[in-house]
A.B. asks: 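After the structure tokens below, expect a handful of questions from me.
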Number of protein chains: 2
Amino acid sequence: MAKNKIPDLPGKTVERLSQYRRVLYNSIEEGKTNIYSHELAKMMNLTPVQVRRDLMLIGYSGSQSKGYVIKDLIALIGQIIDSEEGEKIAVVGMGNLGRAITSYFTGKREKLSIAAVFDNDPQKTDRIISGVPCHHVNQLKEVIQKENIQIAVLTVAPEATHNVAKMLLDAEIKGILNYTSVPLTVPENVHLEEYDIVTSLEKLAFLVKK
Amino acid sequence: MAKNKIPDLPGKTVERLSQYRRVLYNSIEEGKTNIYSHELAKMMNLTPVQVRRDLMLIGYSGSQSKGYVIKDLIALIGQIIDSEEGEKIAVVGMGNLGRAITSYFTGKREKLSIAAVFDNDPQKTDRIISGVPCHHVNQLKEVIQKENIQIAVLTVAPEATHNVAKMLLDAEIKGILNYTSVPLTVPENVHLEEYDIVTSLEKLAFLVKK
DNA sequence: TGGAAGTTGATATTTTTTTCACAATGATAA
DNA sequence: TTATCATTGTGAAAAAAATATCAACTTCCA
Ligand SMILES: NC(=O)c1ccc[n+]([C@@H]2O[C@H](COP(=O)([O-])OP(=O)(O)OC[C@H]3O[C@@H](n4cnc5c(N)ncnc54)[C@H](O)[C@@H]3O)[C@@H](O)[C@H]2O)c1
Ligand SMILES: NC(=O)c1ccc[n+]([C@@H]2O[C@H](COP(=O)([O-])OP(=O)(O)OC[C@H]3O[C@@H](n4cnc5c(N)ncnc54)[C@H](O)[C@@H]3O)[C@@H](O)[C@H]2O)c1
């Protein structure tokens with residue numbers, strides 16, 4: 001592994017770093033330049049110690065009097081979690097969810113962009129959707145390799161999940177974010193995240209009934 | 001607390017129980033009646049020990065020869081995570097995401113239903129969307145209390161988040177699933193879950209670049 | 001009949017994640 | 001100058017989560 005400047009961070013810390021950056025952008029907009037661990041913690045429903053521990057892990061130091069310098073912290077988080085050249089993303093399945101995600105995400109991050117989307121419905125393909133070209137799914141491998149896309153978001157109809165996943169692996173995708181309710185299994189050199197709103201709601205329902 | 005039949009389960013176990021049930025439904029459809037821990041584990045990318053541990057926590061016993069009886073297990077998971085009378089949900093913000101979620105979720109679970117949705121755009125209110133009545137947000141408290149809705153999904157425009165959250169708390173909501181990128185803080189008797197696709201994608205990008 | 005294979009259930013252990021506790025620092029003001 | 005205060009950074013402890021290990025049970029088959 002060539003780049004070894006990246007510390008070996010706990011997964012939870014990586015998620016929080018992304019969230020820290022999000023709220024820090026808001027703070028900048030409000031005109032703040034510095035922030036204390038307890039302020040950041042409050043905004044994220046965490047403890048100040050948790051915040052300091054995370055920042056310690058990425059090697060960032062603040063000052064006791066002024067706290068952390070927001071723009072430096074944002075920059076450092078970027079160095080840690082962004083890739084320098086940027087990372088391209090594909091969304092496969094331009095139904096309700098795929099379109100919602102594409103229109104929401106587009107332009108949100110400098111180093112992460114949705115470079116192509118796919119569907120198998122000719123009504124949707126060969127046009128621009130939310131500023132992104134929509135290709136027919138049978139061009140998936142070609143486009144992914146040409147554009148050097150490494151990450152895919154799966155929002156196809158459930159019954160198409162396994163087929164499309166196979167195509168993605170064949171195109172040597174490196175990470176998949178699976179929103180279909182069909183669980184996937186991938187080789188261990190491919191990173192997989194899954195999310196289902198049903199799980200979140202059932203968890204909430206469980207907590208509420210207690 | 002009246003109901004004390006509910007074991008005090010780890011949050012992670014609750015999430016997995018919801019997912020077990022989801023894949024078990026699929027297995028039933030494929031004609032299976034019994035399942036071994038290693039099969040369930042494989043489908044969910046877990047270890048068999050993890051599966052057995054979770055089932056132990058809810059007090060379910062299988063047989064060494066036949067494994068677990070799928071329909072019994074589904075029923076028991078239901079007893080644990082579902083509320084008997086069912087739980088009603090509101091979705092606030094009928095934009096792209098709110099509509100995608102509503103159409104996806106409706107009819108998916110017996111004990112969890114989206115009973116009302118809200119928006120502030122007169123073009124969207126006072127009609128049926130994906131089978132659910134859409135009210136103007138200024139009727140939020142009234143409808144939530146009349147329908148006895150305890151859980152809300154927040155998918156409004158970011159700038160409306162705090163206002164709407166305040167209204168939900170005022171209507172004595174018990175759980176909020178927040179999809180806006182604006183972090184919320186709620187009283188501790190209210191349960192809060194947050195999810196943002198940007199976090200998932202940034203985490204994936206981090207893992208991919210390593 | 002006996003033993004090999006494969007499974008569950010549970011205790012023990014390890015790993016990961018969070019929290020505690022406090023020394024060190026620097027700013028403030030008496 | 002010196003005491004006070006709020007803050008950071010971090011080793012140590014605790015809590016939570018995952019994994020290892022293995023006895024006990026069932027089935028099957030030689
Ligand atoms: N994880 C969540 O929280 C969540 C929320 C909503 C929906 N979903 C899931 O996301 C998926 C999409 O949901 P939706 O509401 O957008 O459904 P949808 O029916 O609106 O969209 C599905 C899209 O997939 C396309 N498609 C079907 N087969 C395809 C194939 N082989 N190749 C390429 N595209 C194909 C269809 O043309 C359609 O555009 C479904 O699997 C649904 O279960 C998940
Ligand atoms: N968490 C995620 O992964 C994710 C993904 C996509 C979008 N989002 C967020 O979800 C929200 C909705 O996204 P979208 O793409 O559907 O946007 P959208 O603009 O399509 O929808 C927003 C809806 O909220 C309604 N609204 C605005 N103010 C309101 C108010 N005061 N009361 C009631 N309704 C109000 C609007 O009328 C509109 O229908 C945004 O905050 C967006 O940032 C999150």
Side-chain angles (χ1 to χ4, degrees), chain A residues 6-20 24 27 32-70 72-73 76-77 80 188 191-194 199 203 206-207 210, chain B residues 7-20 24 27 32-70 72-73 76-77 80 188 192-194 199 203 206-207 210:
Chain A
I6 306 166
D8 212 344
L9 300 171
K12 289 290 181 66
T13 295
V14 176
E15 290 174 16
R16 283 192 298 264
L17 287 173
S18 163
Q19 292 159 359
Y20 292 146
L24 289 171
S27 300
K32 291 191 64 132
T33 59
N34 291 71
I35 196 166
Y36 295 117
S37 60
H38 70 262
E39 297 175 294
L40 195 42
K42 179 134 196 218
M43 291 193 276
M44 295 210 11
N45 300 307
L46 300 171
T47 64
V49 188
Q50 177 84 83
V51 171
R52 296 204 297 276
R53 166 78 45 180
D54 286 332
L55 302 193
M56 189 186 98
L57 290 175
I58 63 172
Y60 185 70
S61 284
S63 94
Q64 284 91 347
S65 41
K66 304 282 184 53
Y68 305 99
V69 178
I70 298 180
D72 293 355
L73 184 46
L76 180 58
I77 292 175
I80 303 279
E188 61 173 80
H191 300 277
L192 175 68
E193 298 267 317
E194 315 219 7
T199 300
K203 185 181 179 188
F206 173 77
L207 294 170
K210 279 213 306 189
Chain B
D8 212 345
L9 300 171
K12 289 290 180 68
T13 294
V14 176
E15 289 175 18
R16 283 191 298 263
L17 287 173
S18 164
Q19 292 159 358
Y20 292 146
L24 289 172
S27 299
K32 289 191 65 130
T33 58
N34 291 69
I35 196 167
Y36 294 117
S37 61
H38 70 262
E39 297 176 295
L40 195 42
K42 178 134 196 217
M43 291 193 278
M44 296 212 9
N45 299 309
L46 300 171
T47 64
V49 185
Q50 177 85 81
V51 171
R52 296 204 296 274
R53 156 63 47 115
D54 286 332
L55 301 194
M56 190 185 94
L57 290 175
I58 63 172
Y60 185 70
S61 284
S63 95
Q64 284 90 347
S65 42
K66 303 282 183 55
Y68 305 99
V69 178
I70 298 179
D72 292 356
L73 183 47
L76 180 58
I77 292 175
I80 303 280
E188 60 174 79
L192 175 67
E193 299 267 316
E194 316 218 9
T199 300
K203 185 180 178 190
F206 173 78
L207 293 170
K210 280 213 305 188

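Throughout, a chain's letter reflects where its sequence line sits, starting with A, and its residues are numbered from 1. These numbers come from a predicted model, not from an experiment.
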A.B. asks: Among all residues two or more places apart in sequence or in another chain, which pass the side chain to side chain donor-acceptor pair (under 3.5 Å) test with B/Ser65?
C.D. replies: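 Once residues adjacent in sequence are excluded, the partners of B/Ser65 under the side chain to side chain donor-acceptor pair (under 3.5 Å) criterion are B/Ser63.
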
A.B. asks: Please give, in whole Å, the distance from D/dT8 C1' to A/Leu57 CG?
C.D. replies: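 Nearest whole value for this atom pair: 15 Å.
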
A.B. asks: Taking atom C1' of D/dT8 as reference, at what distance in whole Å does atom CZ of A/Arg53 sit?
C.D. replies: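 The distance from CZ of A/Arg53 to C1' of D/dT8 comes to 12 Å, rounded to the nearest Å.
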
A.B. asks: Quick one: list whatever passes side chain to side chain donor-acceptor pair (under 3.5 Å) with B/Glu194, sequence neighbours left out.
C.D. replies: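 Only B/Asn178 meet the side chain to side chain donor-acceptor pair (under 3.5 Å) criterion with B/Glu194.
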
A.B. asks: Name all residues meeting the salt bridge (Lys or Arg N to Asp or Glu O under 4.0 Å) criterion together with A/Lys32; count only those two or more places apart in sequence or in a different chain, and write none if there are none.
C.D. replies: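 By the salt bridge (Lys or Arg N to Asp or Glu O under 4.0 Å) rule, A/Lys32 matches A/Glu39.
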
A.B. asks: What pairs with B/Glu193 under salt bridge (Lys or Arg N to Asp or Glu O under 4.0 Å), at least two apart in sequence or on another chain?
C.D. replies: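 B/Glu193: salt bridge (Lys or Arg N to Asp or Glu O under 4.0 Å) contacts with A/Lys203.
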
A.B. asks: For DNA chain D, which residues in residues 38-50 of chain A have a heavy atom at a distance below 4.0 Å?
C.D. replies: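 Residues of residues 38-50 of chain A under 4.0 Å from DNA chain D: A/His38, A/Val49.
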
A.B. asks: If you look at every strand shown and take non-hydrogen atoms under 4.0 Å, does B/Thr13 touch a base, only sugar-phosphate, or nothing?
C.D. replies: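 No contact.
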
A.B. asks: With the side chain counted from C-beta on, respond yes when A/Leu24 and A/Leu40 share a heavy-atom pair under 4.5 Å apart, and no when they do not.
C.D. replies: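 A/Leu24 reaches A/Leu40 side chain to side chain.
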
A.B. asks: Considering residues at least two apart in sequence or located in another chain, which fulfil the side-chain contact (heavy atoms from CB on, under 4.5 Å) criterion with A/Thr33?
C.D. replies: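 Counting only residues at least two positions away or on another chain, A/Thr33 forms no side-chain contact (heavy atoms from CB on, under 4.5 Å).
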
A.B. asks: Atom pairs, N/O to N/O, protein against nucleotides 22-30 of chain D, distance under 3.5 Å?
C.D. replies:
{"unit_1": "D/dT26", "atom_1": "O3'", "unit_2": "B/Ser65", "atom_2": "OG", "d": "3.4"}

A.B. asks: How many whole angstroms separate atom NZ of A/Lys12 from atom P of D/dA16?
C.D. replies: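 Taking atom P of D/dA16 as the reference, NZ of A/Lys12 is at 12 Å.
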
A.B. asks: Closer to the 5' end of DNA chain C via nearest nucleotide, is it B/Gly67 or A/Pro10?
C.D. replies: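 So the residue in question is B/Gly67.
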
A.B. asks: For residues A/Met44 and A/Val51, determine if any side-chain heavy atom of one lies less than 4.5 Å from a side-chain heavy atom of the other.
C.D. replies: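 Result no, sub-4.5 Å side-chain heavy-atom pair not found.
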
A.B. asks: Are side-chain heavy atoms of B/Pro10 and B/Leu57 found at a separation under 4.5 Å?
C.D. replies: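 Contact flag for B/Pro10/B/Leu57 side chains = yes.
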
A.B. asks: Rounded to the Å, how far apart are A/Tyr60 OH and D/dT8 P?
C.D. replies: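 Distance check: A/Tyr60 OH to D/dT8 P gives 11 Å.
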
A.B. asks: Could you state the interatomic distance from CG (A/Leu76) to OG (A/Ser61), rounded to the nearest 0.5 Å?
C.D. replies: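 Between A/Leu76 CG and A/Ser61 OG, I get 10.0 Å after rounding to 0.5 Å.
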
A.B. asks: Could you pull out all residues at least two apart from B/Tyr20 that satisfy side chain to side chain donor-acceptor pair (under 3.5 Å)?
C.D. replies: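 For B/Tyr20, the residues satisfying side chain to side chain donor-acceptor pair (under 3.5 Å) (neighbours in sequence not counted) are B/Asp54.
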
A.B. asks: Partners of A/Lys42 by side-chain contact (heavy atoms from CB on, under 4.5 Å), sequence neighbours excluded?
C.D. replies: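 Listed in chain order: nothing, the list is empty.
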
A.B. asks: Let's test your reading of the pairing rules: Watson-Crick or G-U wobble, both distances under 3.5 Å, then write DNA chain D as a dot-bracket string with ( ), [ ], | and dots.
C.D. replies: ||||||||||||||||||||||||||||||

A.B. asks: Check the distance between D/dT10's P and A/Leu55's CG and give it to me in whole angstrom.
C.D. replies: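 That distance rounds to 11 Å.
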
A.B. asks: At a heavy-atom distance below 4.0 Å, which nucleotide of DNA chain C is the first touched by chain B, and which is the last?
C.D. replies: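 Going 5' to 3' along DNA chain C, contacts run C/dT7 to C/dA12.
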
A.B. asks: Apply the test ring pair (Phe, Tyr, Trp, His ring centres under 6.0 Å) to residues B/Tyr36 and B/Tyr68: give CA-CA distance (whole Å), side-chain angles for both, the deciding distance (0.1 Å), then the verdict.
C.D. replies: CA-CA 6 Å; B/Tyr36 294 117; B/Tyr68 305 99; 8.4 Å; no

A.B. asks: Who passes salt bridge (Lys or Arg N to Asp or Glu O under 4.0 Å) against A/Arg52, sequence neighbours left out?
C.D. replies: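 Per chain and number, A/Arg52 pairs via salt bridge (Lys or Arg N to Asp or Glu O under 4.0 Å) with no residue.
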
